[in-house]
Amino acid sequence: MGINISLESTVIPGVYMRLSRYFLPVLRDVPKDAEIASHRLMLRAGMVRQQASGLYSWLPLGYKVLMKVQKIIEEEQNRSGAIQLLMPTIQSADLWRESGRYDAYGKEMLRIQDRHERDFLFGPTNEEMITDIFRSYVKSYKDLPLNLYHIQWKFRDEVRPRFGTMRSREFLMKDAYSFDLSKEEAVKAYERMFVAYLRTYARMGLTAIPMRADTGPIGGDLSHEFIVLADTGESAVFCDKRLLGKPIPPQDTDFRGDLNPIFEDWTSHYAATEDMVDMSEFEASVSEENRVSARGIEVGHIFYFGTKYSEPMKATVTGPDGKEITVHMGSYGIGPTRLVPAIIEAFHDDDGIVWPVSVAPFEAVLINLKAGDDACDTACDALYAELNAAGLDILYDDRDQGAGAKFTTADLIGIPYQIIIGPRGLKAGEAEIKHRKTGERETLPIGEAVARLKGLIEPQRKTDI
RNA sequence: CGGAGUAUAGCGCAGCCUGGUAGCGCACCUGCUUCGGGAGCAGGGGGUCGAGUGUUCGAAUCACUCUACUCCGACCA
């Protein structure tokens, strides 16, 4: 699937990231079919291309963002103790017959046959397959707890795909699955994921609120959705204002320790989606000035579902007393291909996207205002080399185009900082830095530009919140 | 799955009502001049008008069928 190429391999300074040699098909006109801001901007910024209803190609700029989003997810999953693997997209129908979901799942599941007319399906989720892997190898209580995850393409044949990659039929999902000896232990696993999710969204600059949720077809009795507030959100949500801006569990949080106080702290405030909300409870438990009624985008969903799959699929381990124990499971999903538009919904203005540094396709764009001019080219080439050497992720706009076009492109694709070199400033030995988010501009000696940019960018990478 | 709509160059659109040599803007190519907020001038290339059938001397245009896509509602990372 090509998603496992490391981020580093896509960033080879000085070769591919000259815009004149890059592949960035920005659109001037707004495609008429795109209704919401993130979809419009993803098309205009040349991030994705629709191939059919609910199916998208990720073009270089979009793919680069997607990779950064995935990297953050992986880091936080790993930190919490989850272990990454990779399962196939195509699954055998027999597995799903074991759990009883082959018939239950309905038309959303894409069913296919191979040349021998054996039944297969394009996986919409992986509970069955991971349970099969688990039961094949794990036999002892000593091997628990265990949490396995992967990031893989899923396919759900949605009745009505819409909003670009926000709700596509094929989508990437990080799905983690926990295995524990008891409900109490499983709830601890649930709490670990809960905290990992809080950190994951925060690192992307998002405020995501965990809300009690319906367990739906996956089944079970404990479930939270993580919701980013946005006017274009698909569901109405109701929560306590005090959840907004709540401090995120820090990097040194001990995932082997007791996370229940954090969980209790976050879940003690009322928060529910429209499916689950009880208005009288909402009004009773939240004072009027703290009531938030808004719309939100679901960017994650976690479930504890006990033995729903382990029971029919016979996923058991031997306990200390020699007796068989049916394991308790949970599953935990985040959609990277949905997070990208969700981030754009949260961060854009009239001119385009305004990426948070941590997920920006490039951290800064070096704009050569007069490509072809010896002085400008020389200064920019040197600066570009220095910026790369400083470890910054830089796009170099060396195109032979007018200044306006370059500014417009830089604003549209939302690079956090623009470092501008033109003949005018060059005579004075000066560069200009524009902050995309605020519009603020600062002029400084060229020699100080690298250090200044580094100083601006590094604290915002949020690698260590 | 119910309701509504759209389909003409890469993108955005006009032309259709009232049938008669397929157009505009942007993008693209060539040349010159430009170069601090999507540059100007000149020249040029690109279309079986979503598909099929029918009516007609003649169909982008009229009729019928199909397909794809979008939007609104019920379901989902």
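Reckoned from all heavy atoms, side chains included, excluding hydrogens, waters and symmetry mates. The sequence lines fix the lettering, A, B, ..., with proteins before strands; numbering per chain opens at 1.
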Original post:
Is there a Watson-Crick or G-U wobble partner for B:U53 with both distances under 3.5 Å, and which nucleotide is it?
Top reply: B:A63
**OP:** Starting from C1' on B:A74, measure out to CD on A:Glu274 and report it in whole angstrom.
**Re:** 12 Å
Original post:
Touch check for A:Ser168, heavy atoms < 4.0 angstrom, all strands: base, sugar-phosphate only, or nothing?
Top reply: base
**OP:** Quickly work out the A:Glu35 CD to B:U6 C1' distance and round it to whole Å.
**Re:** 12 Å
**OP:** Please state the P separation for the pair B:A63 and B:U48 - nearest whole angstrom.
**Re:** 25 Å
Original post:
Can you tell me how far C1' of B:C76 sits from CZ of A:Arg167, to the nearest Å?
Top reply: 5 Å
**OP:** For B:G54 and B:G3, measure between their C1' atoms and round to the nearest Å.
**Re:** 30 Å
Original post:
When the C1' atoms of B:G19 and B:G44 are considered, how many whole Å apart are they?
Top reply: 32 Å
**OP:** Map A:Gly335 and A:Ala34 onto RNA chain B by nearest heavy atom, then report which one ends up closer to the 5' terminus.
**Re:** A:Ala34
Original post:
With nearest nucleotides of RNA chain B determined for A:Pro161 and A:Leu426 from heavy-atom distances, which residue corresponds to the more 5′ nucleotide?
Top reply: A:Leu426
Subject >> Spacing of A:Asp29 atom CG relative to B:A27 atom P, expressed in whole Å >> reply: 10 Å
Original post:
If we call it a pair only when both distances are under 3.5 Å in a Watson-Crick or G-U wobble match, what pairs with B:C16?
Top reply: none
Subject >> Integer angstrom distance from the P of B:G25 to that of B:C69 >> reply: 32 Å
Subject >> Nucleotide nearest A:Glu108 when distance is taken to its side chain, options B:G37, B:C75, B:U34 >> reply: B:C75
Original post:
When you measure from the centre of the six-membered ring of A:Tyr304, is the NZ or CZ of A:Lys183 under 6.0 Å away and within 45° of the axis?
Top reply: no
**OP:** Nearest whole angstrom, please: distance from the C1' of B:A74 to the CD of A:Glu234.
**Re:** 13 Å
Subject >> A:Lys406 side-chain N/O to B:G37 phosphate OP1/OP2 under 4.0 Å >> reply: no
Original post:
For A:Asp175, which contact category applies under a 4.0 Å heavy-atom criterion: base, sugar-phosphate, or nothing?
Top reply: nothing
Original post:
How close or far is atom P of B:A77 from atom CG of A:Leu339, stated in whole angstroms?
Top reply: 14 Å
Original post:
Is a donor-acceptor pair below 3.5 Å formed from side chain A:Lys434 to base B:G36, judging by atom type as modelled?
Top reply: no
**OP:** Mind calculating the distance between CG (A:Asp157) and P (B:C75) to the nearest angstrom?
**Re:** 18 Å
**OP:** Using the P atom as the reference point in each nucleotide, state the distance between B:U53 and B:G46 in Å, no decimals.
**Re:** 27 Å
Subject >> Exam field: side chain A:His150 to backbone A:Met87, donor-acceptor pair closer than 3.5 Å >> reply: yes
**OP:** Pick base, sugar-phosphate or nothing for A:Gly425, based on heavy-atom distances below 4.0 Å to the nucleic acid.
**Re:** base
Original post:
How far, in whole Å, is B:U67 from B:U56 if one measures between their P atoms?
Top reply: 28 Å
Original post:
Do you know the tightest heavy-atom contact between A:Tyr102 and A:Arg111?
Top reply: O-NH1, 2.8 Å
Original post:
Using 30° and 60° as the class limits, which term best fits the ring planes of A:His224 and A:Phe263: parallel, tilted or perpendicular?
Top reply: perpendicular
Original post:
When the P atoms of B:A22 and B:C49 are considered, how many whole Å apart are they?
Top reply: 10 Å
Original post:
Can you check whether A:Arg28 has a side-chain N or O nearer than 4.0 Å to OP1 or OP2 of B:C11?
Top reply: no
**OP:** State, to 0.1 Å, how close A:Ala189 and A:Tyr332 come at their nearest heavy-atom pair, and which atoms those are.
**Re:** C-OH, 4.0 Å
Original post:
Now, which nucleotide makes the Watson-Crick or G-U wobble pair with B:C76, with each of the two distances under 3.5 Å?
Top reply: none
**OP:** Measure distances between side-chain N and O atoms of A:Arg44 and base N and O atoms of B:G38, and say whether any donor-acceptor pair falls under 3.5 Å.
**Re:** yes
Original post:
Base, sugar-phosphate, or nothing: which does A:Gln401 touch, judged by heavy atoms less than 4.0 Å apart?
Top reply: base
Original post:
Just checking A:Lys154: base, sugar-phosphate only, or nothing, at a heavy-atom cut-off of under 4.0 Å?
Top reply: nothing
Original post:
What is the nucleic acid contact for A:Met166, judged by heavy atoms within less than 4.0 Å: base, sugar-phosphate only, or nothing?
Top reply: base
**OP:** Spell out yes or no: do the side chain of A:Glu432 and the base of B:G36 have one donor N/O and one acceptor N/O closer than 3.5 Å?
**Re:** yes
Original post:
Ring of A:Phe171 versus six-membered ring of B:A77: centres under 5.5 Å and planes under 30°?
Top reply: yes
Original post:
A:Phe194 and A:Phe226: aromatic ring centres closer than 6.0 Å?
Top reply: yes
Subject >> Candidates B:G36, B:G38, B:C72 - which lies nearest the side chain of A:Arg162 >> reply: B:C72
Original post:
Using a cut-off of less than 4.0 Å, is there contact between a side-chain N or O of A:Ser53 and OP1 or OP2 of B:A68?
Top reply: no
Original post:
Should the pair A:Tyr309 and A:Phe305 be assigned to parallel (<30°), tilted (30 to 60°) or perpendicular (>60°) ring geometry?
Top reply: perpendicular
Original post:
How far, in whole Å, is B:U6 from B:C66 if one measures between their C1' atoms?
Top reply: 16 Å
Subject >> Heavy-atom closest contact (A:Cys380 atom, A:Leu366 atom, distance) >> reply: O-CD2, 3.5 Å
Subject >> A:Arg160 CZ - B:C69 P separation (whole Å) >> reply: 13 Å
